[in-house]
Amino acid sequence: MELSTRNIQTQGVICRSDLQITLENDVNVPDTKPDIEQLIKTQGSVFLTGISPGNGKVTLRGYLSFCLLYLTTEDLRPVHNMKGQIPFEESINMDGLIPDKEVMCHFDLEDCQTNVINSRKVSVRAIVSIHCCQENQQAVTAGIDIVASDASRAEMEQFSAPDGLHKHFNQFSMTHLTEQKKDVLRIRDELSLPKGKPSVDTILYYEMNPQNLQNRIIESGVRFLGDLQLFLLYIPENEERRLEYLETEFPFDVTVQCENASEDMISDIEILNAEKELEIREDEDGENRILELELNLNLNMKFYQNETFHFLEDAYSTACTLQLDKEMITTTKLLMKNQSVVRIADRIHITENEDTILQICNATGNVQIDEQEITNDGIALEGVVDLDILYITENDDRPLATAKGTIPFTHTIEIKGIQPEDDYELQSAISQISIMMLDNQEVEVKVILNLCAFVFTHGNQEIITQIQTLPLDMEKIQAMPGLVGFIVQKEDSLWNIAKTYNTTIESIMELNHLENENVKPGDRLLLLKQVDGI
């Protein structure tokens, strides 16, 4: 007899580490730029350029990219910008790290602020949260059947089982990671300035943000649908208008190829960071009115598949002694993927020392989860949305300003059956921001948040890894009575009873006139010893 096996893909976390770092640097204003009188807005992004696992630690290299809008009194145009980068290299301790295995890292830019040191120098300070994890995937060989040796050699498991062999099968559900890959969602488009807008002389600032982003797996890929919102602040070629902006949005429909993806899989897609580029080129009349834009969203894509695994749980023989080697494995199952939409609103009032609002230009936000806890109902969250509202003022000397606001929120992501020991991944993003001006000092803000939770539960499962056949222990067999009276106990089943007394379930049912295998405590049974192959 030989054990017929199949590989089970198991996954687990080798080690993980979370760290918060502060990036600080003093940056000089380029010689080609005028002096800074007042800062208006700071835009920052974190990019990772290298991950180097080592013995017990991982070294990360990357940079903070920032763009500043500021006011000056040294130029006819009061609004200017400057850009820069702050490189960093950070080592994170990770106990148990395997150097030759990939480490997945994710960055969250918690805060990015700048302060004026003097008219030619600014201080840039950013708080970055780093999340690193190393996962382990391995194939475990599990027994699914026992077949005759000749059938195994002929690769024909449908041959009849050896005489006296009795097998008990069972099943369990698990979720396995079928594929993980990094890719880029590229959104490209070209548009012309509306007729009412003047041509572009200098781009000061721009934002590209996907809104209402949705994805679904199609054959050999993932389809992404949504709207791309573009905000552009620029200096026009017309000298009479010192500042101009454009805000528009357009739909996109892009497919990222993935050969092994299929519609029955479950996708876990995370946006790591975004790279954006906007260029102006001339139209047919030689005016700078054509906008060429590209937004690259760097993705970490995981694809899971649920499976019911049928396996050989136990076996014995009335013709020989069958020894089973067993191993306990940890199985992972996706308990639930829950996508929630949270709507929050509040009013934001500008402070007395800020210039009053003439017109709202653009609003950006950042989600921060401060508290998260597994409860009986799901995952309870507390957090805030930090907002920057860029607006045109009523002051011609300071035509641009930013109002800041914070909107708190609480929400529970409903997950039935979640336990405190379960693992989960949480993704949060701002889907939409809408602003209504109430007066020249107050606005009403409405924000739509997308929260997505992947909850994994773990269990232990014993599997058979090897079998060995030995001759019957005749002394033991002869010492067993041929006919036994047995009273069923609470933990007994016909399978365990038959295996212990060297008989079969069919023999017990026939001898005791049972219609099925169900027995209850207190039932009295007659057991007839059975020996085959002698």
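For the numbers below, each heavy atom of this structure counts, side chains included, while hydrogens, waters and symmetry mates do not.
- T22 places no side-chain N or O within 3.5 Å of a backbone atom of I127 that could act as its donor or acceptor partner.
- The closest donor-acceptor contact from the side chain of R289 to the backbone of E284 lies at 3.5 Å or more, if one exists at all.
- Side chain of K33 to backbone of N81: a donor-acceptor contact under 3.5 angstrom is found.
- Note that CD of Q38 and CG of L400 are 10.0 Å apart. Values are rounded to the nearest 0.5 Å.
- One finds a salt bridge joining R77 and D201 here, because a Lys/Arg side-chain nitrogen approaches an Asp/Glu carboxylate oxygen to under 4.0 Å.
- Between P408 and V384, the shortest heavy-atom distance links the atoms CA-CG1, 3.9 Å.
- In this structure, L278 and I203 have side chains that are in contact, with non-hydrogen atoms separated by less than 4.5 Å.
- Other residues, nucleotides and ligands contribute more than 12 heavy atoms inside 6.0 Å of the CG atom of N7.
- More than 12 non-hydrogen atoms from other residues, nucleotides or ligands lie less than 6.0 angstrom from CG of D253.
- A donor-acceptor pair under 3.5 Å is formed between the side chain of T175 and the backbone N or O of L334.
- Rounding to the nearest 0.5 Å gives a distance of 14.0 Å between CZ of R223 and CD1 of I217.
- Taking both residues in full, the closest heavy atoms of V103 and P53 are given as CG2-CG, 3.9 Å, listed atom of the first, atom of the second, then distance.
- Between L381 and L451, the closest side-chain pair of non-hydrogen atoms falls below 4.5 Å.
- Minimum interatomic distance between S428 and I369 (heavy atoms only, all atoms of both residues): OG-CG1, 4.4 Å.
- Here the side chains of L71 and V79 are in contact, with some heavy-atom distance below 4.5 Å.
- Between the side chain of Q427 and the backbone N or O of A453, no donor-acceptor pair lies under 3.5 Å.
- Note on K121 versus D26: no salt bridge recorded, every NZ/NE/NH1/NH2 to OD/OE distance being 4.0 Å or above.
- When each of T331, D423, D422 is paired with H458, the side-chain hydrogen bond (donor to acceptor under 3.5 Å, both in side chains) condition holds for D423 and for no other.
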- Steps toward side chain to side chain contact (heavy atoms under 4.5 Å, CB included) verdict (L64, V124): CA-CA 10 Å; L64 169 73; V124 182; 4.2 Å; yes
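- Two residues are said to be in side-chain contact when any heavy atoms from C-beta on lie closer than 4.5 Å; Q305 and H176 meet this criterion.
- A 4.5 Å side-chain heavy-atom check between P198 and Y234 finds at least one atom pair inside the cut-off.
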Query raised in the report: Does the side-chain hydrogen bond (donor to acceptor under 3.5 Å, both in side chains) test come out yes or no for Q211 and N209, once each step is laid out?
Result: CA-CA 6 Å; Q211 294 191 332; N209 295 307; over 6 Å; no
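- In this structure, L293 CG and I187 CD1 are separated by 9.5 Å, a value rounded to the nearest 0.5 Å.
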- Candidate pair N212 and S431, rule side-chain hydrogen bond (donor to acceptor under 3.5 Å, both in side chains), full reasoning: CA-CA 5 Å; N212 308 313; S431 176; 3.3 Å; yes
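- Residues D18 and C132 approach most closely at OD1-N, 4.3 Å, considering heavy atoms.
- The distance from atom CG of D108 to atom CG of N273, rounded to the nearest 0.5 Å, is 11.0 Å.
- Counting non-hydrogen atoms of neighbouring residues, nucleotides and ligands closer than 6.0 angstrom, the CD atom of E414 reaches no more than 12 such neighbours.
- Ion pairing of R398 with E37 is absent here, as no side-chain N (NZ or NE/NH1/NH2) approaches a carboxylate O to less than 4.0 Å.
- The backbone N or O of E287 lies less than 3.5 Å from a partner atom in the side chain of D283, making a donor-acceptor pair.
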- Task: Walk me through it: do N362 and T364 pass the test side-chain hydrogen bond (donor to acceptor under 3.5 Å, both in side chains)?
- Result: CA-CA 7 Å; N362 175 251; T364 57; 5.1 Å; no
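- The heavy-atom pair separating F47 from S65 by the smallest distance is CE1-CB, 4.0 Å.
- Side-chain N or O atoms of Q43 include none that pairs as donor or acceptor with a backbone N or O of C112 at under 3.5 Å.
- Considering CG of N118 and CD1 of I36, their distance stands at 9.0 Å, rounded to 0.5 Å.
- With Y70 as the partner, the side-chain contact (heavy atoms from CB on, under 4.5 Å) test is satisfied by one option alone out of V122, L39, D35: L39.
- Panel note: side chain Q368, backbone E110; a donor-acceptor pair is recorded below 3.5 Å.
- No more than 12 heavy-atom neighbours from other residues, nucleotides or ligands sit within 6.0 angstrom of CZ on R16.
- The local environment of CD in E371 is sparse, with at most 12 non-hydrogen atoms from other residues, nucleotides or ligands closer than 6.0 Å.
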For this session: Please step through side chain to side chain contact (heavy atoms under 4.5 Å, CB included) for the pair N460 and T330, ending with a clear verdict.
Result: CA-CA 5 Å; N460 293 323; T330 300; 3.5 Å; yes
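- More than 12 heavy atoms of other residues, nucleotides or ligands lie within 6.0 Å of NZ in K337, so this atom counts as buried by the packing criterion.
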Margin query: Determine whether E207 and K276 satisfy the following criterion, salt bridge (charged side-chain N to carboxylate O under 4.0 Å, His left out), listing intermediate values before the conclusion.
Written below: CA-CA 8 Å; E207 288 276 2; K276 54 190 176 182; 3.3 Å; yes
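- Inter-residue side-chain proximity for S123 and T114 is flagged as unmet; no heavy-atom pair is nearer than 4.5 Å.
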Kindly indicate, with the supporting measurements, whether the criterion salt bridge (charged side-chain N to carboxylate O under 4.0 Å, His left out) is fulfilled by K302 and E425. CA-CA 12 Å; K302 297 180 181 178; E425 299 175 9; 3.5 Å; yes
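- The residues K404 and D386 are annotated as not salt-bridged, no charged nitrogen and carboxylate oxygen being separated by less than 4.0 angstrom.
- Applying the 6.0 Å contact sphere to CD of E219 captures more than 12 heavy atoms from other residues, nucleotides or ligands.
- Under the 3.5 Å distance criterion, the side-chain polar atoms of E354 are matched with a main-chain donor or acceptor of T351.
- Two residues are said to be in side-chain contact when any heavy atoms from C-beta on lie closer than 4.5 Å; Y63 and L23 fail this criterion.
- For the pairing with V445, the side-chain contact (heavy atoms from CB on, under 4.5 Å) check across D346, I344, I407, V385 returns one residue only, I407.
- In this structure, S91 contributes its side chain and V58 its backbone to no donor-acceptor pair below 3.5 Å.
- Here R188 does not pair with E277 in a salt bridge; the nearest charged N to carboxylate O distance is not below 4.0 Å.
- For the pair E292 and R281, the salt-bridge criterion is met [side-chain N within less than 4.0 Å of a carboxylate O].
- A pairwise comparison of heavy atoms in C133 and V13 identifies SG-CG1, 3.9 Å as the closest pair.
- Sparse packing is recorded around CG of N376, with 12 or fewer heavy atoms of other residues, nucleotides or ligands lying under 6.0 Å away.
- Here K181 does not pair with E259 in a salt bridge; the nearest charged N to carboxylate O distance is not below 4.0 Å.
- At a threshold of 4.5 Å between non-hydrogen side-chain atoms, the residues L177 and Q137 count as touching.
- For the pair K197 and Y245, the distance from NZ or CZ to the six-membered ring centre is under 6.0 Å and the angle to the ring normal is within 45 degrees.
- A distance of 9.5 Å separates CG of L60 from OG1 of T49, quoted to the nearest 0.5 Å.
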